[in-house]
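The shown structure was predicted, so the numbers you read here are calculated from the model rather than taken from an experiment. Letters A, B, ... are given to chains in the order of the sequence lines, protein chains preceding strands, and every chain is numbered from 1.
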2 protein chains.
Amino acid sequence: MTNDSKEPDLQRSLTLLWSGRAEGRRGPRPQLTVEGIAQAAVRIADADGVKALSMQRIAAELGYSTMSIYNHIPSKDLLLEVVADVAAGQPPELDDTDDFRRAVRRWVAALWAGFQQRPWILHVSLGHAPIGPRQLAWLDQLLRPLLKAGLAGGEARAAALHLTAVVRGVAQISADMTSAHKTGDGIPHRESEVARALVELIDPRDYPALAAVYAAEAAAGPPEEEESLPGALSFGVDRFLDGVEAWVAAKAR
Amino acid sequence: MTNDSKEPDLQRSLTLLWSGRAEGRRGPRPQLTVEGIAQAAVRIADADGVKALSMQRIAAELGYSTMSIYNHIPSKDLLLEVVADVAAGQPPELDDTDDFRRAVRRWVAALWAGFQQRPWILHVSLGHAPIGPRQLAWLDQLLRPLLKAGLAGGEARAAALHLTAVVRGVAQISADMTSAHKTGDGIPHRESEVARALVELIDPRDYPALAAVYAAEAAAGPPEEEESLPGALSFGVDRFLDGVEAWVAAKAR
DNA sequence: TGAAACTATGTATAACATACAGAATTATGT
DNA sequence: ACATAATTCTGTATGTTATACATAGTTTCA
């Protein structure tokens, strides 16, 4: 591989993520590939969480020596970037005839489902904007309905950033996402459990608004989850889309 | 301390975060405190990033032996939870006379500024909803204008979750946040640099929307950042607030 | 036909979280 | 007053980790 040292960090990430195969290379045919390594890592993380991702474990999974991985990927941090991209998988195909709201909602639901299937992704920290092919495929898929709805380029980008951030952020915060034995430090408690424990700790004089909200919540009982999305995420996304719609309408006039 | 083993994870986190001092305790007076340990950790992370946070380093910073920390905090994961809370600091005091939009925007700006000052926070992964006193103080402060605007309890909670997630998410994705030498794996590249590098990689046939957006962006030149917030974050938050406002208005009618 | 570039491997090292076992110190029940 | 139990701090030990480095074999290019 030999894209060692020198290059600036970004270039290094990019050449790794978009590993363009060099044709005429000297040396033995590589038996391992960046893709293969990342896939093995995903398999391990799926099974035992992100804490279980060690170079040794990945190499063992592939049946090669630990150090052989370093011939293809210069560090674990870079590896994790590739893993995050591979784990993202393919974005949903959005029906082009759908109206923009439906399309965006389906995209959001798909991303949410992805985080449910691979909660460990939430524990590998993003270092920067999406730059891998699969992450960008997701982004591209989201941009389509946004552009079609009438947003300008920069606006669509901002909106996509917003939505991506929301889903990821809500997933991170939602307790029931990060199941315990997978992440090693996750806490598999549901919302209500947290609420119950907190009510005793928060003094309404220190946290008046919070206390009020929790009180109202307790009185109302547990919210019912209609669809595939939790109500809280749904509400936020819908309000955001309301705002986007209004904005587009105002621009058009 | 001796809140070892048994307790369920959530209880363990809570007693740690809200460390209610037991009065009549046997044994020597503790010289270390949970707070003090966390503050030392914050000092280190501020200086050298989250990668530099080791039990040994923290203990050294305090002038105690490594293992003494474990008398107060049962594991590094729990430590990080406390650190995340301590590092959050105090939320901004929001002017009660401000209208709801102004108040929320100020809250968002404050949180954003917080992430700029301590980008490493973005690299300690949240395991669950906010449960520490300082995190909850932030939440409470945000809930006030939302409730005052006319949202119901559950709606305000959802909106607050949404906004928190957005700011955190956008901060994580924004390249210029995570500076390299602090996080160890951050990449300090600005947006434009990423864009320039990507334009060569993405095939408009695979990523049509993305290519269109980047093309438009390149033609328009770099966006100008008016205020303390980056334009992309601003746009999303404003659209969201538009939607919330409309929602409240619709409910009132 | 080298020489250069590359891959896979084994060994080595330093850092790390944390288990465990004293020794010292305090509060509590007698 | 005294013994006991609980608790703190410390030192030592263990297993895991990322990764540097050297080596031997393999392929391509000059």
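For D/dC9, the OP1/OP2 oxygens have no side-chain nitrogen or oxygen of B/S68 closer than 4.0 Å. OP1 and OP2 of C/dA8 both lie 4.0 Å or more from every side-chain N or O belonging to A/Y64. Not one side-chain nitrogen or oxygen of B/Q56 sits closer than 4.0 Å to the OP1 or OP2 atom of C/dA15. For A/H72, a side-chain nitrogen or oxygen approaches OP1 or OP2 of C/dA8 to under 4.0 Å.
In this structure, the side-chain contact (heavy atoms from CB on, under 4.5 Å) partners of A/Q56, at least two apart in sequence or on a different chain, are A/S54, A/T66. Remark: A/Q135 pairs with no residue by the side chain to side chain donor-acceptor pair (under 3.5 Å) rule, at least two apart or across chains. By the side-chain contact (heavy atoms from CB on, under 4.5 Å) test, A/I44 is found to be paired with A/A52, A/L53, A/R57, A/I58, A/E61, residues two or more places apart in sequence or in another chain being considered. Residues passing the side-chain contact (heavy atoms from CB on, under 4.5 Å) test with B/P133 are A/Y207, B/L17, B/W18, B/D85, sequence neighbours excluded. A/A109 meets the side-chain contact (heavy atoms from CB on, under 4.5 Å) test with A/S228, A/L229; sequence neighbours excluded.
Between the C1' atom of D/dA18 and the CG atom of A/L78 lies a distance of 14 Å, rounded to the nearest Å. Atom CD in A/Q31 sits roughly 17 Å away from atom P in C/dC6 (whole-Å rounding). In this entry the distance linking CG of B/D48 with P of C/dA15 reads 15 Å, nearest Å. Protein atom OH of A/Y70 is 15 Å distant from nucleotide atom C1' of C/dG10, rounded to whole Å. B/L79 places its CG atom 13 Å from the C1' atom of C/dT18, with the value rounded to the nearest Å. For the pair A/M55 CE and C/dA14 C1', the computed distance is 17 Å after rounding to whole Å. Protein atom CD1 of B/I73 is 11 Å distant from nucleotide atom P of C/dT18, rounded to whole Å. One can place CD1 of A/I69 at 20 Å from P of C/dC6, the figure rounded to the nearest angstrom.
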Nucleotides 20-28 of chain C: protein proximity per nucleotide (B base, S sugar-phosphate only, - neither; heavy atom, under 4.0 Å) = B----BBBS

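At a threshold of 4.0 Å, the pair A/E81-A/R134 does not count as salt-bridged, since none of the basic side-chain nitrogens sits closer than that to a carboxylate oxygen.
Among the heavy atoms of the strands lying under 4.0 Å from A/S54 are primed sugar atoms or P, OP1, OP2 only; no base atom is included. Using a 4.0 Å heavy-atom cutoff across all strands shown, A/S75 reaches sugar-phosphate atoms only and no base atom. Nucleic acid contact for B/L62: none, since no nucleic acid atom lies under 4.0 Å from a heavy atom of the residue. A/L53 comes within contact range of the sugar-phosphate backbone alone, with a heavy-atom separation under 4.0 Å but no base atom that close.
Side-chain contact between B/R157 and A/Y214 is present, with heavy atoms from C-beta onward closer than 4.5 Å.
Of the candidates C/dT9, D/dT10, C/dT18, the closest approach to any side-chain atom of A/N71 belongs to C/dT9.
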